[in-house]
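For reference, the structure is listed below as structure tokens.
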Amino acid sequence: MNRAQVQRAKQAVREHVWALLEPTHGDVTGRIPSFIGADSAAARLAEHLAWQTARVIKAVPDKAQLPVRARALQEGKRIYMASPRLATENPFYLLDPEKLSVPPNEAAERRTAAKVAQPVGVHEMPVVDLIVCGSVAVNPEGVRLGKGAGYSDIEVALLQEAGLIGPNTLIATTVHPLQVVKEALPESEHDFRVDLIVTPDETIECPPHPRPPGIFWDRLDPDSIAAIPALAHRKPSNR
């Protein structure tokens with residue numbers, strides 16, 4: 001499939017999963033679904049060795065992963081959470097449980113984090129022990145579809161290029177069982193796969209798979225690069 005066909009195939013899967021969730025979750029179209037059982041999925045993730053040994057976690061700001069962020073802060077783990085659309089000069093929020101001015105449950109909220117967290121650039125971040133991402137759909141091979149904006153892929157690529165994640169850095173996602181798709185899913189060369197899928201009832205270990213080496217500049221249009229300072233500052237001179 002060419003690039004346009006892949007994008008259409010991805011969107012078809014998203015629409016299918018959103019439709020499956022709608023009867024029990026309301027209107028989730030266009031979003032990372034905030035799913036029933038997210039608290040239980042966070043608790044199940046916390047049983048995994050990778051979580052228990054992690055001290056630094058990069059987490060998405062989606063509501064579906066709010067219980068994960070809250071639990072991490074309660075357990076004394078530092079969280080780095082992306083700012084909306086990576087549109088700020090320092091595109092990550094540092095939530096340090098030792099320096100919070102509000103309770104962990106409040107600090108983990110996206111809007112509160114924007115007020116109380118310390119904004120930091122990639123160059124200020126330490127090595128990341130665990131990445132937790134949101135998904136619209138994912139399969140047991142680890143192929144994951146987000147909502148289509150591509151920000152999670154850029155975040156992981158930035159950390160990859162900065163040497164802050166390596167082959168042993170586990171990438172996990174928490175989802176509703178209806179979001180786990182058994183068949184093959186379309187993917188692009190710049191898409192990362194997850195290593196661990198956690199639902200309220202199941203933990204799925206995905207097979208190893210090579211990760212994209214960094215930013216695929218030819219997949220980004222000039223306006224997208226200009227809107228993300230962390231990209232604009234890193235853009236190769238010949239682009």
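When all heavy atoms are compared, the tightest approach of Arg71 to Ala46 is NE-CB, 3.1 Å. Of all heavy-atom pairs spanning Ala82 and Glu155, the tightest one is CB-OE2, 3.2 Å. The two residues Tyr93 and Pro84 come nearest to each other via the heavy atoms OH-CD, 3.7 Å. For Pro67 against Ala64, the heavy-atom pair with the smallest separation is CD-O, 3.6 Å.
The main-chain N or O of Glu202 is found under 3.5 Å from a side-chain atom of Thr199 such that the two form a donor-acceptor pair. A donor-acceptor contact shorter than 3.5 Å links the side chain of Arg14 to the backbone of Gly146. Proximity of a side-chain donor or acceptor of Arg69 to a complementary backbone N or O of Val60 within less than 3.5 Å is detected. The main-chain N or O of Glu183 is found under 3.5 Å from a side-chain atom of Asn139 such that the two form a donor-acceptor pair. For Trp18 (side chain) and Arg31 (main-chain N/O), a donor-acceptor pair under 3.5 Å exists by modelled atom type. Judged purely by atom type and a 3.5 angstrom limit, Asp195 uses its side chain to pair as donor or acceptor with the backbone of Ile171. Not one N or O on the side chain of Ser135 forms a donor-acceptor pair closer than 3.5 Å with the backbone of Ala137. With Thr174 contributing its side chain and Val198 its backbone, the two residues share no donor-acceptor pair below 3.5 Å. A donor-acceptor pair is defined here as one N or O able to donate and one able to accept, closer than 3.5 Å; such a pair exists between the side chain of Asp221 and the backbone of Ser224. The closest donor-acceptor contact from the side chain of Gln7 to the backbone of Ala4 lies at 3.5 Å or more, if one exists at all.
Here the side chains of Asp129 and Ile57 are not in contact, with every heavy-atom distance at 4.5 Å or above. At a threshold of 4.5 Å between non-hydrogen side-chain atoms, the residues Lys115 and Glu109 do not count as touching. Side-chain contact check for Pro126 versus Arg78: some heavy-atom pair is nearer than 4.5 Å. Between Val138 and Val181 the shortest side-chain heavy-atom distance does not fall below 4.5 Å. With a 4.5 Å cut-off on side-chain heavy atoms, Trp217 and Ile225 count as touching. In this structure, Phe92 and Met81 have side chains that are not in contact, with every pair of non-hydrogen atoms separated by 4.5 Å or more. Under the 4.5 Å side-chain criterion, counting only non-hydrogen atoms from C-beta, Ser152 is in contact with Arg144. Taking the side chain as every heavy atom from C-beta outward, Ile215 and Glu161 approach each other to under 4.5 Å.
Using a 4.0 Å cut-off between charged nitrogen and carboxylate oxygen, Lys10 and Asp191 count as a salt-bridge pair. Using a 4.0 Å cut-off between a side-chain N of Lys or Arg and a carboxylate O of Asp or Glu, Glu187 and Arg193 qualify as a salt bridge. A salt bridge does not link Asp153 to Arg219: none of the charged side-chain nitrogens sits closer than 4.0 Å to a carboxylate oxygen.
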Chi angles and distances behind the side chain to side chain donor-acceptor pair (under 3.5 Å) call for Asn105, Gln74: CA-CA 8 Å; Asn105 283 351; Gln74 290 165 355; 2.7 Å; yes
Derivation of the side-chain contact (heavy atoms from CB on, under 4.5 Å) call for Phe192 and Gln160: CA-CA 11 Å; Phe192 66 84; Gln160 184 85 36; over 6 Å; no
Derivation of the side-chain contact (heavy atoms from CB on, under 4.5 Å) call for Ile204 and Leu196: CA-CA 6 Å; Ile204 302 171; Leu196 189 70; over 6 Å; no
Under the criterion side-chain contact (heavy atoms from CB on, under 4.5 Å), I'd like the reasoning laid out for Phe35 against Val28: C-alpha separation, chi angles, the key distance, then a yes or no. CA-CA 9 Å; Phe35 62 93; Val28 295; over 6 Å; no
For the pair Leu178 and His25, evaluate side-chain contact (heavy atoms from CB on, under 4.5 Å) and give the outcome as yes or no after the intermediate values. CA-CA 11 Å; Leu178 289 176; His25 290 73; 5.7 Å; no
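Under 3.5 Å, the side chains of Gln5 and Arg8 contain no donor-acceptor pair of N or O atoms. A donor and an acceptor atom, one from each side chain of Thr169 and Lys58, are nowhere located under 3.5 Å apart. At a cut-off of 3.5 Å, with distance as the only test, no side-chain donor of Gln11 or His16 sits close to an acceptor on the other residue. With hydrogens and angles left out, the side-chain atoms of Glu89 and His233 include a donor and acceptor closer than 3.5 Å.
Annotation: the span from Gln65 atom CD to Ile32 atom CD1 amounts to 7.0 Å, rounded to 0.5 Å. Atom OG1 of Thr203 sits about 10.0 Å away from atom CD1 of Ile197, to the nearest 0.5 Å. In this structure, Leu100 CG and Ile79 CD1 are separated by 9.0 Å, a value rounded to the nearest 0.5 Å. The CG atom of Leu45 sits 8.0 Å away from the NE2 atom of His48 when rounded to the nearest 0.5 Å. In this structure, Ile154 CD1 and Leu159 CG are separated by 12.0 Å, a value rounded to the nearest 0.5 Å. Considering CG of Asp39 and CG of Leu66, their distance stands at 8.0 Å, rounded to 0.5 Å.
One hydrophobic cluster holds both Ile131 and Met125 under the rule that ILVMFWY side chains link at heavy-atom gaps under 4.5 Å. In the hydrophobic cluster analysis, where Ile, Leu, Val, Met, Phe, Trp and Tyr join through side-chain heavy atoms closer than 4.5 angstrom, Leu220 is grouped together with Val156. Leu158 and Val128 end up in the same hydrophobic cluster when Ile, Leu, Val, Met, Phe, Trp and Tyr side chains are linked at under 4.5 Å. The hydrophobic cluster containing Val13 also contains Val136, counting ILVMFWY residues as joined when their side-chain heavy atoms lie under 4.5 angstrom apart, directly or transitively. Cluster membership check: Tyr80 shares its hydrophobic cluster with Leu164, using side-chain heavy-atom separations under 4.5 Å among Ile, Leu, Val, Met, Phe, Trp and Tyr.
In Arg85, the CZ atom is not crowded: 12 or fewer heavy atoms of neighbouring residues, nucleotides or ligands sit closer than 6.0 Å.
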